[in-house]
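To start, the structure itself, in structure tokens.
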Amino acid sequence: MVGAWLLAAAISLNGSWEFRFEEGKPCAEADPAFEATDVIQVPGCFDAMPKWFMKRGTGLYRRRFTLERPTQNAWLTIDGMGLYGRFWVDGREIGTNDLPWSRVKLPMGALSAGEHTVVAAIDNRFDWNYQKLVRTYYDFHCWGGFFHGVSVELDNRTLHVRTRDYRTGEIELEAVGFASDAFEAELLFDGQHTMSAEFREAKTVVRVPNFKLWSPDHPNLHTVAIRPTRDQTAPACSVRFGIRTIEARNRGIYLNGERIFLKGVNRHEQQLQLGASTPEGFMLADIQNLKAMGGNFIRGAHYPQSQRFLELCDECGVMVWEESLGWGNGQRYTMQNGINELEDLKFIELQLRQTKLMVRNSFNHPSVIIFAFLNEQNSALPSAKALTDRLIATIREEDSGRLITFACNITEKDICHENTDIIAFNTYPGTINGYPGEAAELREKIFNMKGYGINWVTAHFRQKYPDKTIMISEIGVAGDYGSFDPSAPIRSEDFQVEHNRLVAEAVYGNADIAGLCYWQFFDTRTSGRDCLGSGKKPNAMSRAGLFNWYRQPKRTVGMISEWFRNAVPENLKTPSK
């Protein structure tokens, strides 16, 4: 209910499903009439469970639900899954899902009143023949299962809300999925303020009554429900949104006209025992830990984010970078069997489709301020430039009011930043790209190492792009939890503190840098044997986290908190022209 307005219902399919795991078998060979051998919980990752731990193959799922009355249309909504799926309703195949981590809706068609059966075949194998978005070399574990739940929705309508003037509360509403693009409607704001609106070409412009702006310090949210005037008995459609603008100009970032500095961390959607199906309590704990540090920003690495996580960021006041799936594509060190994904037509189509869907799914989340793609692609290649420009155009066509970039780890030969709003770079001076040396040498590398040092990379991009905003999207180093030594050897918590303090000194002292995003929030699992970096990461664990697997803080958290909470970066002191 919104006020006295009735909303269309959704049927949750979360809970116990009948299950069968077929190791090594592709979902193309799945039998929807399978004989179940087990039960499994949804949401959940089957390859995180003891019985099928780290195994790859196809998980077969079955669940029944009941409709009280017939419906002409219904949609099966999958809120993130991996890595490829086929779906049936009442023995009829309704479609596939080839977009890992994305929220995807599959049309189910007309359904009668009574009981219905949903069957899913979820394949977590790496297979270039049909799943080209996920590669074995990706430096994070790719899980199998349903990450954040499944539901049946009986209404596919929504509203896209655009802030047109944050000073007056003027917004544009776009009606998506409605029967007509020209109609009159009644709007209900925040459950109490009604007004009439006339939609033409599916859009109308109105001012929100008693509006309040969204920001990290004041995460104010509004709701709007819509009911077409011609059919007062039809269920209303309602969305939540925030009023805010984000801009990149004058070598800085501006939220609602005020210059800000991004203080953040990279975050994978992982939990030690549950894989990618992170419970809401852990999501909220991560947000609270970030806020306690004085942080205001999370980069969601390296795939579309859970809608529930973004809702919590909306509510708690955390700005988010969201990106479509990719890692190192086109790089010399990632080309398997000579394949450059950036030239593959199916890979390109999947990138464009997932990126567009990401923008539409997250349209009304004020927390999302940056849309991105293709982490650490080979941005020196013409094929990378061509796909980058197509992805930028895809995002801009949606007119969502976000900044656009990608995380770049190529400096001197990069050719892909011509049309981005922000230059964001990943760099690991003195660690991945060499050895750290003693204290003075490490400092010099972090500050000035050619090709990787913070000041060197920033100066290079500033010379090439005199007016663009620059930020660091990844930088960090491993620190084994509980490993202490006054000599600060590599992988000790002491070395991690030393390294990350030098990073903060360099970033906060450089007026050209508008944001810092440490790698990474907490320790995570990478691929056990296939990942390029797994040989350098004991037990297939990335231990660069500021927190360990259990979200326990390492010593570096206290140091970074001092910088985030108390230091003023030069970028805020001396705004450039």
Apply side chain to side chain contact (heavy atoms under 4.5 Å, CB included) to Phe522 and Asp286, showing your working. CA-CA 9 Å; Phe522 47 84; Asp286 290 342; 3.5 Å; yes

Could you check Asp512 against Lys468 for side chain to side chain contact (heavy atoms under 4.5 Å, CB included), going step by step and ending with a plain yes or no? CA-CA 9 Å; Asp512 273 326; Lys468 286 208 176 190; over 6 Å; no

Ser400 vs Phe371, test: side chain to side chain contact (heavy atoms under 4.5 Å, CB included). Steps then yes/no. CA-CA 10 Å; Ser400 70; Phe371 282 132; 3.5 Å; yes

Can you check side chain to side chain contact (heavy atoms under 4.5 Å, CB included) on Val503 and Ile454, steps first, answer last? CA-CA 8 Å; Val503 168; Ile454 290 170; 4.2 Å; yes

So Glu418 and Lys385, salt bridge (Lys or Arg N to Asp or Glu O under 4.0 Å) or not? Walk me through it. CA-CA 9 Å; Glu418 178 185 0; Lys385 177 67 163 61; 3.1 Å; yes

Show the numbers, then the answer: is there a salt bridge (Lys or Arg N to Asp or Glu O under 4.0 Å) between Arg396 and Asp389? CA-CA 10 Å; Arg396 291 210 170 115; Asp389 287 345; over 6 Å; no

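Every residue two or more places apart in sequence or in another chain that forms a side chain to side chain contact (heavy atoms under 4.5 Å, CB included) with Ala514 is listed here: Ile253, Thr469, Asn571. Listed by chain and residue number, Trp128, Lys132, Lys346, Phe347 satisfy the side chain to side chain contact (heavy atoms under 4.5 Å, CB included) test with Asp344 (two or more places apart in sequence, or in another chain). The salt bridge (Lys or Arg N to Asp or Glu O under 4.0 Å) test applied to Glu315 returns Arg240, Arg308, not counting sequence neighbours. Among residues two or more places apart in sequence or in another chain, the salt bridge (Lys or Arg N to Asp or Glu O under 4.0 Å) test is passed with Arg402 by none. Residues satisfying the ring pair (Phe, Tyr, Trp, His ring centres under 6.0 Å) criterion with Phe406, sequence neighbours excluded, are His417. Thr245 is linked by a side chain to side chain contact (heavy atoms under 4.5 Å, CB included) to Thr163, Tyr166, Asn256, counting only residues two or more places apart in sequence or in another chain. For Asp480, the salt bridge (Lys or Arg N to Asp or Glu O under 4.0 Å) partners at least two apart in sequence or on another chain are Arg491, Arg543. Listed by chain and residue number, Arg267 satisfy the salt bridge (Lys or Arg N to Asp or Glu O under 4.0 Å) test with Glu269 (two or more places apart in sequence, or in another chain). By the ring pair (Phe, Tyr, Trp, His ring centres under 6.0 Å) test, Phe241 is found to be paired with His222, residues two or more places apart in sequence or in another chain being considered. Here Arg164 pairs with Arg162, Glu170, Glu172, Asp399 under the side chain to side chain contact (heavy atoms under 4.5 Å, CB included) rule; sequence neighbours left out.
Taking a cutoff of 4.0 Å between a charged side-chain nitrogen and a carboxylate oxygen, Arg353 and Asp98 qualify as a salt bridge. The residues Arg462 and Asp467 are annotated as not salt-bridged, no charged nitrogen and carboxylate oxygen being separated by less than 4.0 angstrom. Between Lys55 and Asp47 there is no salt bridge, since no side-chain nitrogen of the basic residue lies less than 4.0 Å from a carboxylate oxygen of the acidic one. Under the 4.0 Å criterion applied to side-chain N and carboxylate O atoms, Arg443 and Glu505 are assigned as salt-bridge partners.
Ring centroids of Tyr481 and Phe547 are separated by 6.0 Å or more, keeping the two rings apart. Aromatic ring centres of His148 and Phe309: separated by at least 6.0 Å. Taking the six-membered ring wherever Trp is involved, the centroid distance between the rings of Trp456 and His460 falls below 6.0 Å. In this structure, Tyr84 has its ring center under 6.0 Å from that of Tyr130. Taking the ring centroids of Trp519 and His302, they lie under the 6.0 Å cut-off.
Side-chain N or O atoms of Ser473 include one that pairs as donor or acceptor with a backbone N or O of Phe425 at under 3.5 Å. When atom types are taken as modelled, the side chain of Asn361 and the backbone of Arg103 share a donor-acceptor pair closer than 3.5 angstrom. When atom types are taken as modelled, the side chain of Arg565 and the backbone of Ala292 share a donor-acceptor pair closer than 3.5 angstrom. Distance alone, capped at 3.5 Å, is enough to place a donor-acceptor pair between the Lys464 side chain and the Asp414 backbone. At least one donor-acceptor pair closer than 3.5 Å links the side chain of Lys291 to the backbone N or O of Gly317.
A donor and an acceptor atom, one from each side chain of Asn500 and Thr556, are located under 3.5 Å apart. Remark: the Asn548 side chain and the Asp523 side chain contain no N/O donor-acceptor pair separated by less than 3.5 Å. Judged purely by distance below 3.5 Å, without hydrogens or angles, the side chains of Asn364 and Asp314 never pair a donor atom with an acceptor atom. For the residue pair Gln131 and Asp127, no side-chain donor N or O sits within less than 3.5 Å of a side-chain acceptor on the partner. For the residue pair Ser492 and Gln496, no side-chain donor N or O sits within less than 3.5 Å of a side-chain acceptor on the partner. At a cut-off of 3.5 Å, with distance as the only test, a side-chain donor of Glu474 or Tyr428 sits close to an acceptor on the other residue. Under the 3.5 Å distance criterion, with hydrogens and angles disregarded, a donor-acceptor pair is assigned to the side chains of Asn409 and Gln331. Checking Asn329 against Tyr138 by side-chain atom types alone, a donor-acceptor pair falls below 3.5 Å.
Note: Thr278 OG1 to Gln270 CD = 7.5 Å, rounded to the nearest 0.5 Å. Rounded to the nearest 0.5 angstrom, Asn266 CG and Thr524 OG1 are separated by 10.5 Å. If you take SG on Cys408 and CD1 on Ile423, they are separated by 8.5 Å, rounding to the nearest 0.5 Å. Residue Phe373 holds its CZ atom at 10.0 Å from CD of Glu323, rounded to the nearest 0.5 Å. Note that the CG atom of Leu213 and the CD atom of Glu258 stand 9.0 Å from one another [nearest 0.5 Å].
Cation-pi geometry between Arg249 and Tyr254 is met: under 6.0 angstrom from the ring centre, within 45 degrees of the axis. A cation-pi arrangement is absent between Arg525 and Phe140, since the terminal nitrogen or guanidinium carbon is not both under 6.0 Å from the aromatic centre and inside a 45° cone about the axis.
Counting only heavy atoms from C-beta outward, the side chains of Gln307 and Asp79 approach each other to under 4.5 Å. Proximity of Gln354 to Leu133: side-chain heavy atoms (C-beta onward) are separated by under 4.5 Å at one or more points.
A salt bridge (charged side-chain N to carboxylate O under 4.0 Å, His left out) check over residues 354-379, counting only residues at least two apart or in different chains, returns the pairs Arg360-Glu398. Pairs of residues two or more places apart, or lying in two chains, that qualify as salt bridge (charged side-chain N to carboxylate O under 4.0 Å, His left out) and include a residue from residues 444-459 are Glu441-Lys445.
When all heavy atoms of Gly82 and Ile122 are compared, the pair lying nearest together is O-CG2, 3.0 Å.
Summarising the local packing, CZ of Phe484 is surrounded by more than 12 heavy atoms from other residues, nucleotides or ligands at distances under 6.0 Å.
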